[in-house]
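Here the structure is a predicted model, which is why all the values come from computation and not from measurement. Letters A, B, ... mirror the listed sequences (proteins, then strands); counts begin at 1. When reading the values below, keep in mind they use all heavy atoms of this one structure, side chains included, and skip hydrogens, waters and symmetry mates.
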Amino acid sequence: MYKEFKQLNLPEIDREIRAFWEKEGIFEKSIAQRAVENSYVFYEGPPSANGMPGIHHVMARTIKDIFCRYHTMKGQRVERKGGWDTHGLPIELSVEKALGITKDDIGKSISVDEYNQKCRETVMMYKDRWDDITRKTGYWVDLDNPYITYENDYIESVWWLLQQLYNKGLLYKGFTIQPYSPAAGTGLSSHELNMPGAYKEISDTSAVAMFKIVGSDNEYFLAWTTTPWTLPSNTAVALGRNITYLKVRTYNRYTGAPIVVILAKDRFSSYFSEQNPDLKPEDLKPGNKPIPYIEIVAELKGAELENTEYEQLLPYVKPDGPAFRALLGDFVSTEDGTGIVHIAPTFGSDDFKVAKQYGIVPLMVKDELGNDMPLVDRHGQFVKEVTDFAGRFVKDYGQVEERPVDVDIVIKLKEENKLFVSEKYVHSYPHCWRTDRPVLYYPLDSWFIKASAKKERMFELNQTINWKPASTGEGRFGKWLENLQDWNLSRSRYWGIPLPIWRNKEGTIEKCIGSVAELQTEVNKANAALGKNQAVPKDLHRPYIDEIVLVADNGEPLYRELDLIDVWFDSGAMPYAQWHYPFENKEGFEFRYPADFIAEGVDQTRGWFYTLHAIAVMVFDSVAFKNVVSNGLVLDKNGQKMSKRLGNAVDPFETVDKYGADATRWYMISNAQVWDNLRFDLAGIEETTRLFFGKLFNTYSFFALYANIDKFRHMEADIPMWQRPEIDRWILSALHSLINEVDADLAQYESTNAARKMMQFVDEQLSNWYIRLCRRRFWKGDYTDDKISAYQTLYECLTTLAKLMAPIAPFFADWLYQNLNKVTRHEPFESVHLALIEPAGDDMIDKGLEERMDYAQRISSLVLSLRKKHKINVRQPLQKVILPVLDEAFTEQLDAVKDLIKSEVNVKEIEYLTDASGLLKKRIKPNFKTLGKRLGPHMKAAQEIINNLSQADINAIEKNKEYILEVGGTSFDLNLEDFEIAAEDIPGWLVANDGPLTVALDITLTPALVAEGMARELVNRIQNIRKNRDFNVTDRIQIDLEKHPAVEEAVAQFGQYISDEVLAVRLDLVAGVEGELLDLPEEVVVKVRVELA
RNA sequence: CUUGGUGUAGCUCAAUUGGUUAGAGCACUGACCUGAUACGUCAGGGGCUGGAAGUUCAAGUCUUUCCAUCAAGACCA
């Protein structure tokens, strides 16, 4: 027996099927049954179990699951090793938060050892929840043998990769200017800087400082700064090459000294008021108003001032190389300031870059270890060499002081005739999100991967990758590669993969270790040379690894560089490290690299997608993945970002529990293209449930109901196609067309289109046309070939659909498949996921048949629409429909579906009205596609001519199959192809059009038709009475109907028909019946008594 | 600020790649409980395709520009 169900309960189906999968090991079987040689390689991007899974994870995982399942069903072996991303700042921060400590406490109030232990525990905090949602959403991934980035084997593979880079000269140490929080004692990522609220409006003392030009009496560059504390570190000024500058003679407003200052012409009016050749120093007052000037001495381009030398502004520290020159930088603008930018290479990233280009050195002092350091220490205080301000904090770090140090610097400049003007300036400035104190741009030592050296190759190989959508690959990712910067690998944290590089004190000798074995060898060497007793630690993390001292060839001790590596390197290394390559699994690796397919959110473009690609290109000169789907963001239904704070986040657990995984998955895939942002609305899931799963469920229920009655077990030989009725051949043709399309879509990673086509098939063709028209075949008559054909056909539709939809809706599909296949044993598979999606049978596809059925549907719809307009309901039979036909082929097509249309719209006959009748009014239109190219500019005139052709002209064209068009003095020889001719109207009839289709309806009601209509109304009413009284479908009845003129004729002519339909043994017309009231059309009410016979 | 995406009916999305009435579903209005489905069926109303300009015989589709929105990145001297 086929199982019958009262109602569709998707969550219940989930539970049942999930239990089945687990009990029977279906996932494992789906892999084990396929050969490694025929692998479809998938890489799982490791999530961090440090946070709860969100609905967007369900989205990404659905996409991954779809294509893995699809390729499994195409016969490929699809291993899916799970993985966990376990390192990184978010984990450290959550541990710090939990313990109530800051980074400074690590190594003091808590040992690094304990701290890392805590990280290791915390990182898997939500693993159970993740595993739970993974199972509940039906995402098939190997949860039992995941790769875990903190494991030694994983770290060893990463070390190996780093050593490959090192050996290729792609790993180097340098310093860069990075956002740094002195209060927190840590560098900040750009991500942290972009956190909401990081930028705050603050008021700073800005200054325009005067840099005296060497060799001049009193000429100065004017440079504006909002950070006067960087002035002692100044080593250059930058000008714009094409910016025009002025030399202006005036007096210093504070000291009265005569000066000539240089600034951009565009900025002149911001600093100077009127010209006054007789200006005297006394005329000027301190303050920041524009001042008068004596004269403009010269006007010149920035380029002419390049390399002009000037005197050091605040000579606390002498430079260790060339400095104090004018440079040209393309970042200089004249939007504010003076058009001249003060350059302090130690405190600005542009500054650093431009200075480096010109060979200008930064100002540095030596710290107690003899290393270079800038004039501000890591706490944000001036070093002792800056005597006047030694120990002062450069920004507000909570210190108590009379004035900010910026103000004191300005006062000093003022006194020394080095200040042009100063004012308060309000601007937004980044703050550390943890301490709320200002961030400094600060030079930090870092290890870099020289990604820029390989950017052309990365760009090249990227073009071989199939991106979905393409724009992400070409645009977002491609542009990113074009402007690629070196990859800053260093992180000065504790919980992560340690950089495997050891150096001597001076940094002149270094060793990069690529394996545990190599480390062991080096440790042995060091032990021998240094008389130590070290061992390779069991855990490769800090702090153990830090304690290892190696030895150089010359006997010098080497110490580990304390940095950790960027966690993104961890995940980018997963293709190799998940297999502990090259230390293990070397042999099967070729079948598992590169990936055929990966998928993640667009936010991973510069994240995982990049790190995978970068490592693959730099180490293996290969791509890491061939196809990538990057899905859009999941927003709330109003298009807002989901966040816990706003309370608009959708809980995936609740959603899946309530609606089931399949409806959730189907909705997410079908609603919008997966790479577009999704406005997630629960109402959409409900709709999907109702319109798609509901219909399919009903279709199955219908099948089960009658197949059980008829004991259909699919035991009979298949009825040959030629013996099956037209409608069966039609639905099978449509089904096989669907197979072709869905198969092609899924092969091209177009899951949205695939899902939509299946929905359309179920709704428009299977449920609302095939079943509707075939109902009677299932419940009437004996178990004949026709009936068997109907069952076989519907059965094939359902099982095929189950297979096609299985990748997207794995639970429901398996449920459907098993409900059918377990009864029939028609196929040997215990689960749909072990079955194969077979190619469509091309001999099953008959496009002509599909076309004529489409005509039938559209003609029916037109007729119904006409009935509607004239308020004639479908129960009222009409005499005929007239269809204009312009060619033979069309007539043939229609003949085949004539009967369907007649019964569907309840008309007696269909008449073809050919041209010969002379009754047709035709419409002619040019075929733009063929004519446009030929006629070009004449098209408009031609259109005019063609539209105005008379009926006679049209007939002539059809007869001669050609037409000479004279337009613009040229004549064109047109044939039938160049026109679209359609019947438009039949004068005197009710017509409706749909594109080329036209129908006319005869709405004349003869007494016979009225009587038949009434008969049908009576049948309908009596059937209702039967239903209301809960009669059995087989019960016989007897009827007494009130004698009434409205029904007399109907009973007289169609009494037998009525009796047959309602199973009446007797139908009598009698006067004065006591019984139920029947409301009939035309406000007729008659009484009837119905009783069991 | 730069780059990229998006903008079509009240809402969510289509539109065969430049070809002539711009289509569905939901919502809305109306009709119908027709022998699987009222969680259903049928019909109907609803559009200056974000604005402007351009290319073209022809633009929702291509170009430019502006506007809105989202994302990524840069910078804030």
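Within 4.0 Å (heavy atoms only), A:Leu691 reaches sugar-phosphate atoms of the nucleic acid but no base atom. Residue A:Tyr700 is classed as having no contact, given no heavy-atom separation below 4.0 Å to the nucleic acid. Among the protein residues, A:Gln673 comes within range of the sugar-phosphate backbone only, with heavy atoms under 4.0 Å from sugar or phosphate atoms but none that close to a base. Residue contacts shown for A:Thr472 are absent, as no nucleic acid heavy atom lies under 4.0 Å away. At the heavy-atom level, A:Arg776 lies nowhere under 4.0 Å from the strands shown. Using a 4.0 Å heavy-atom cutoff across all strands shown, A:Ser865 reaches sugar-phosphate atoms only and no base atom. Note on A:Gly932: a base of the nucleic acid sits closer than 4.0 angstrom, heavy atoms only.
Separating the P atom of B:rC32 from that of B:rA71 is a span of 50 Å, rounded to the nearest Å. Using atom P as the reference point in both B:rC70 and B:rC75, the two lie 23 Å apart (nearest Å). With C1' as the reference atom, B:rG7 and B:rC48 are 16 Å apart, rounded to whole Å. Taking atom C1' on both B:rA72 and B:rU64, the two are 25 Å apart, rounded to the nearest angstrom. The C1' atoms of B:rG25 and B:rA9 are separated by 12 Å, rounded to the nearest whole Å. B:rA59 and B:rG40 are spaced 41 Å apart, taking the C1' atom of each and rounding to whole Å. Separating the C1' atom of B:rA58 from that of B:rG18 is a span of 8 Å, rounded to the nearest Å. B:rU16 and B:rC62 have their P atoms separated by 11 Å, with the value rounded to a whole Å.
B:rG7 is paired with B:rC67 under the Watson-Crick or G-U wobble criterion, all donor-acceptor distances under 3.5 Å. Checking B:rC1 for Watson-Crick or G-U wobble geometry (two distances, each under 3.5 Å) identifies B:rG73 as its partner. Pair check for B:rC32 finds B:rG40; Watson-Crick or G-U wobble, both atom distances under 3.5 Å. For B:rU56, there is no paired nucleotide, since no Watson-Crick or G-U wobble pair has both relevant distances below 3.5 Å.
Put simply, CG on A:Asn768 is 14 Å from C1' on B:rU34, counting in whole angstrom units. Between the P atom of B:rC13 and the NZ atom of A:Lys757 lies a distance of 19 Å, rounded to the nearest Å. As rounded to whole Å, 10 Å separates atom P of B:rC57 from atom NE2 of A:His938. Rounded to an integer number of Å, the gap from A:Glu687 CD to B:rA24 P is 15 Å. Rounded to a whole Å, the NE2 atom of A:His56 is 15 Å from the C1' atom of B:rA71. One can place CD of A:Gln857 at 14 Å from P of B:rU41, the figure rounded to the nearest angstrom. Rounded to whole angstrom, the span from the CG atom of A:Asp745 across to the P atom of B:rA14 amounts to 14 Å. Rounded to a whole Å, the CD atom of A:Glu4 is 13 Å from the P atom of B:rU37.
Using cut-offs of 30° and 60° on the angle between ring planes, the pair A:Tyr667 and A:Phe680 is perpendicular. Ring orientation note: the planes of A:Tyr791 and A:Phe778 are nearly perpendicular, at an angle over 60° on the 30°/60° scale. In this pair, A:Phe5 and A:Tyr700 present their aromatic rings tilted. The plane angle is within the 30 to 60° band. A tilted orientation is assigned to the rings of A:Trp487 and A:Tyr610, their planes being inclined by 30° to 60°. Using a 30° and 60° split on the angle between ring planes, A:Phe477 and A:Trp467 fall in the tilted class, from 30° to 60°.
Closest to the side chain of A:Arg690, from the set B:rU21, B:rA27, B:rA77, is B:rA27. With distances taken from any side-chain atom of A:Gln943 to the nucleotides B:rA36, B:rU20, B:rA77, the minimum falls on B:rU20. For A:Leu633, counting side-chain heavy atoms from C-beta on, the closest listed nucleotide (B:rG25, B:rC33, B:rA71) is B:rA71. Checked against B:rG4, B:rA77, B:rC13, the side chain of A:Asn671 finds its nearest nucleotide in B:rC13. Checking B:rU6, B:rC42, B:rA36 against every side-chain atom of A:Asp676, the shortest atom distance belongs to B:rU6. Which of B:rC33, B:rU20, B:rC13 sits closest to the side chain of A:Ala672 comes down to B:rC13.
Residue A:Lys695 places at least one side-chain N or O under 4.0 Å from the OP1 or OP2 atom of B:rU41. At B:rA36, one or more side-chain N or O atoms of A:Trp779 fall inside 4.0 Å of OP1 or OP2 (strictly under the cut-off). Between A:Thr226 and B:rA77 there is a side-chain N or O to OP1 or OP2 distance below 4.0 Å. Checking the phosphate oxygens (OP1, OP2) of B:rA58, no side-chain nitrogen or oxygen of A:Lys929 falls inside 4.0 Å. At B:rA43, one or more side-chain N or O atoms of A:Ser861 fall inside 4.0 Å of OP1 or OP2 (strictly under the cut-off). OP1 or OP2 of B:rA24 has not a single side-chain nitrogen or oxygen of A:Arg756 nearer than 4.0 Å. In this structure, A:Lys940 reaches the B:rA58 phosphate: one of its side-chain N or O atoms is under 4.0 Å from OP1 or OP2. Close to B:rU34, at under 4.0 Å from its OP1 or OP2, lies no side-chain N or O of A:Arg875. Neither OP1 nor OP2 of B:rG35 sits under 4.0 Å from any side-chain N or O of A:Arg775.
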Report task. Let me see the working for A:Phe352 and A:Thr346 under side-chain contact (heavy atoms from CB on, under 4.5 Å), right down to the final yes or no. Result -> CA-CA 6 Å; A:Phe352 175 74; A:Thr346 44; over 6 Å; no
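Heavy-atom nearest nucleotides on RNA chain B were determined for A:Tyr706 and for A:Trp675, and the one closer to the 5' end corresponds to A:Trp675. Mapping A:Thr230 and A:Glu980 onto RNA chain B by nearest heavy atom places A:Glu980 closer to the 5' end of the strand.
Using a distance-only test at 3.5 Å, with no hydrogens or angles considered, a donor-acceptor pair links the side chain of A:Ser670 to the main chain of A:Trp666.
Glycosidic conformation, B:rU56: anti, with the torsion outside 90° of 0.
Taking a cutoff of 4.0 Å between a charged side-chain nitrogen and a carboxylate oxygen, A:Asp204 and A:Lys395 qualify as a salt bridge. At a threshold of 4.0 Å, the pair A:Arg772-A:Glu904 counts as salt-bridged, since one of the basic side-chain nitrogens sits closer than that to a carboxylate oxygen.
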